[in-house]
Structures are given as C-alpha cells and as structure tokens.
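Report on one structure; see the data block that follows.
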Amino acid sequence: MDCMCQEEIKKIKARLATSAGHLKSIAEMLETQPCDAVLQQLLAVESNIRNTGRLILKSHLTHCVAKDIQKGDSASLEKFTSVLDKYLL
C-alpha cells in the first residue's frame with residue numbers, strides 16, 4: 001500500500017508473521033493436544049488477524065481515504081464503506 005508509512009507496514013507484517021507461526025504451531029498441536037486447547041489457540045490467531053485488519057482499516061481511512069477526499073474523490077469513501085461492510089460481516 002502506498003498510503004501506509006513504513007512503521008505501520010512493519011507492525012502489520014510482524015502481526016501477520018506471528019499469526020503464521022502460531023498457525024504452524026497449531027497444526028502440530030493437532031496430533032498431541034486436546035481439541036479444546038487447539039480451539040483456544042485458533043481463537044487467539046483469529047483475534048490477532050481481526051486486530052490486524054482493524055489496523056489496516058484505520059490506516060486506510062486516516063491516510064488513503066482522507067487524502068482522496070481532500071482531493072475531491074468521493075468514490076474512495078464509497079469503496080471504503082463497501083470494504084468495511086464486508087469486513088464487518
């Protein structure tokens with residue numbers, strides 16, 4: 001994304017890497033851990049991914065959409081609300 005600063009990108013990549021590593025560990029847990037433990041860990045990954053999505057949405061709104069609106073591009077806000085609707089489902 002060209003509207004995110006490098007610091008935001010770094011944070012998001014770190015969160016995604018954490019989730020990917022966690023998922024790999026969960027896959028290994030399937031053979032040794034009870035189902036409830038696996039499910040608990042899946043919830044943790046889901047939460048991290050959802051929070052990462054929120055960071056991206058916030059960044060997109062405060063940087064990309066705001067910049068486009070200042071330029072007079074109202075279509076950007078319409079696209080954002082469409083994405084937001086899908087994300088909130």
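Just so it is clear, the values below take in all heavy atoms, side chains as well, and ignore hydrogens, waters and symmetry mates.
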### Task
Calculate, to the nearest 0.5 Å, the distance between atoms CG and SG belonging to D73 and C64 respectively.
11.5 Å

### Task
Could you tell me whether the side chain of T81 and the main chain of E78 form a donor-acceptor pair under 3.5 Å?
yes

### Query
Can you tell me how far the NE2 atom of H22 sits from the CG atom of L42, to the nearest 0.5 Å?
8.0 Å

### Query
With distance as the sole test, does S47 use its side chain to make a donor-acceptor pair with the main-chain N or O of L43 at under 3.5 Å?
no

#### Entry: Transitive ILVMFWY side-chain link I49 to L39, under 4.5 Å
yes

### Task
Can you measure from CG (L23) to CD (E28) and round to the nearest 0.5 angstrom?
11.5 Å

### Query
Is it true that L16 and V45 fall in one hydrophobic cluster, defined by side-chain heavy atoms closer than 4.5 Å?
no

### Message
As an exercise, state the distance from NE2 of H60 to CG of L55, rounded to the nearest 0.5 Å.
### Response
14.5 Å

### Task
For the pair R15 and N51, evaluate side chain to side chain contact (heavy atoms under 4.5 Å, CB included) and give the outcome as yes or no after the intermediate values.
CA-CA 9 Å; R15 285 177 163 269; N51 288 334; 3.6 Å; yes

### Task
Identify the two heavy atoms, one from L57 and one from Y87, that lie closest to each other, and give their separation to 0.1 Å.
CD1-CD2, 3.3 Å

## Note on the structure
All heavy atoms of S76 vs all of D68, minimum pair found to be OG-OD2, 2.9 Å

### Query
When rounded to the nearest 0.5 angstrom, what is the spacing between CZ in R54 and OG1 in T52?
10.0 Å

#### Entry: From OG (S19) to NZ (K24), nearest 0.5 Å
15.0 Å

### Query
So which heavy atom on V65 is nearest to which on F80, and how close?
CG2-CB, 3.8 Å

### Query
Looking at E46 and R50, does any basic side-chain N land under 4.0 Å from a carboxylate oxygen?
no

### Query
When clusters are formed by joining ILVMFWY residues with side-chain heavy atoms under 4.5 Å apart, either directly or through shared neighbours, do I9 and I56 land in the same one?
yes

### From CA spacing to verdict: side chain to side chain contact (heavy atoms under 4.5 Å, CB included), E8, H63
CA-CA 11 Å; E8 290 172 317; H63 298 294; 3.4 Å; yes

### Stepwise salt bridge (charged side-chain N to carboxylate O under 4.0 Å, His left out) test for K11 and E7
CA-CA 6 Å; K11 285 180 186 178; E7 183 178 323; 3.6 Å; yes

